[in-house]
Amino acid sequence: MTDLTRFRDDFPIFQHTTYLNSCSLGPLSRQSRGRVMTYLDQWERRGAANWYDVWWAALEELRTRYGALIGARPGEIALHPSVSSILGVIASALDTTTRRRIVTTTLDFPTVPYQWLPRDVDLVLLESPDGVSIPLELFERAVNDETALVVTSHVYFTSGAIQDIAAIGAIARRHGALSVIDGYQGVGQLPLNAPASGVDFYCSGGLKWLLGGTGVCFLWANAETTHGLVPSNTGWFAHKDQFAFDPRSFTPHDDARRFETGTPPLLPVYTQLGGLDVLEAAGAEAIRATTAALTEDLIAEARARGRVPKVAANAVDRSAIVMLPSADPKRDVARLADRGFIVDARPGHVRVSPYFYNVVADHRAFLEAFTDD
Ligand SMILES: Cc1ncc(COP(=O)(O)O)c(C=O)c1O
């Protein structure tokens with residue numbers, strides 16, 4: 001297995017804490033800090049003049065590199081500040097008068113159903129039998145010819161279970177529905193070829209496994225299946241000729257930028273470019289192999305200490321989100337933080353997520369420190 005420990009020095013946080021919380025927020029790299037300093041220098045020295053060369057190019061660079069990360073062609077990526085804003089734009093492009101049904105699940109991040117609860121649609125929220133994943137048969141049963149959209153996660157944020165997104169996309173397509181995959185917990189820790197998956201949309205962002213921090217997300221839109229959609233929730237970045245400043249007509253971009261809205265926040269663009277520098281140097285397959293090995297060791301060590309992690313039954317379906325039952329997760333997380341271990345609390349569990357820059361000693365020391373008294 002490729003040794004990725006050399007990347008640990010790129011993350012100053014490891015000098016003083018044991019960081020095991022990449023599924024909440026990826027740590028800051030030297031590369032991101034360097035990129036941000038460059039951006040601030042540009043802003044200070046040239047102000048708006050930067051738009052016409054370096055900042056416009058940075059947006060294009062980010063779309064291209066996000067695309068390359070998931071095997072997508074240029075022109076298939078739209079930039080957004082959050083997954084919520086992406087979902088809102090997609091929702092605004094659908095005709096839910098003829099197809100009223102939206103299928104999602106109770107394991108998805110709540111911002112997914114929140115897009116639909118206030119709308120006049122038939123929302124189907126699939127319940128998980130085990131709190132870990134949603135069997136494909138439940139999607140099969142719920143999706144019908146009245147379904148406009150199936151929207152669910154690549155990896156469930158409360159269990160780390162990996163979903164078969166190709167199968168979910170195929171179920172949607174069989175019924176003429178579109179599929180959206182919330183990949184915020186997927187790509188980065190998992191290699192991905194989005195076009196090969198057969199889904200219609202895949203979104204993710206910088207916050208977690210992509211090491212880009214807050215405020216920068218992307219939407220991959222399958223050019224063949226989503227080209228005809230015109231969101232009503234839009235903005236001038238979606239206009240094919242935005243610098244014509246024509247208030248009388250709106251012509252959306254031919255490519256995925258039709259799903260963008262307004263001016264993207266630039267500082268996160270730069271933090272994300274720095275995060276991608278690290279990820280590209282480490283390599284997606286090596287990241288997955290290293291992270292999976294750490295995860296399996298964490299699960300085995302936790303079990304050896306009598307804990308019962310809530311994770312998928314088979315290793316192949318597991319990702320680097322390990323839920324350890326806790327009577328008082330908030331208290332445990334605060335106490336662990338006092339001792340230099342950064343993990344997270346979710347209802348009933350302490351959530352631990354190793355990544356490629358972690359080492360076995362990190363989670364073993366964490367398990368020693370994680371006591372029930
Ligand atoms: C699976 C998943 N989707 C979405 C989000 C966040 O969505 P937004 O970008 O709208 O804050 C998170 C966590 O922050 C998440 O874990």
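We count ligands from 1, going down the list as the structure has it; atoms in each ligand are counted the same way.
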Nearest protein heavy atom to [atom], by residue and atom, and its distance?
atom                    : answer
atom 10 (O) of ligand 1 : S84 OG, 2.4 Å
atom 14 (O) of ligand 1 : K208 NZ, 3.1 Å
atom 6 (C) of ligand 1  : F109 CE2, 3.6 Å

Taking 4.0 angstrom as the limit and counting only heavy atoms of F157, give me the atoms of ligand 1 inside it, by number and element.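 So the answer, numbered in order with elements, is 16 (O).
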
Is the count of non-hydrogen atoms from other residues, nucleotides or ligands lying under 6.0 Å from R46 atom CZ greater than 12?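 Yes, because the 6.0 Å sphere around CZ of R46 holds more than 12 heavy atoms from other groups.
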
How about W56: does its CH2 atom have over 12 heavy atoms from other parts shown lying under 6.0 Å from it?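 It does: W56 CH2 has more than 12 such atoms within range.
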
Kindly confirm or rule out an N or O of Q185 lying under 3.5 angstrom from an N or O of ligand 1.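 Yes, Q185 has an N/O under 3.5 Å of an N/O on ligand 1.
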
Does D182, backbone or side chain, put an N or O under 3.5 Å from an N or O of ligand 1?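 For ligand 1, there is an N or O atom that lies under 3.5 Å from one belonging to D182.
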
Which part of V83 is near ligand 1, with near meaning a heavy atom under 4.0 Å away: side chain, backbone, both or neither?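 Within the 4.0 Å criterion, V83 contacts ligand 1 through backbone and side-chain atoms alike.
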
Nearest-0.5 Å distance, CZ of residue F243 to CZ of residue F245: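 Answer rounded to 0.5 Å: 5.5 Å.
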
CD-CZ distance between E60 and R63, expressed to the nearest 0.5 angstrom: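 Between atom CD of E60 and atom CZ of R63 there are 5.0 Å.
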
Without swapping roles, check the side chain of R258 against the backbone of L229 for a donor-acceptor pair under 3.5 Å.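 Such a contact is found between R258 side chain and L229 backbone.
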
With a 6.0 Å cut-off on the ring centroids, do Y357 and F14 count as close?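 Yes: the rings meet the under 6.0 Å criterion.
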
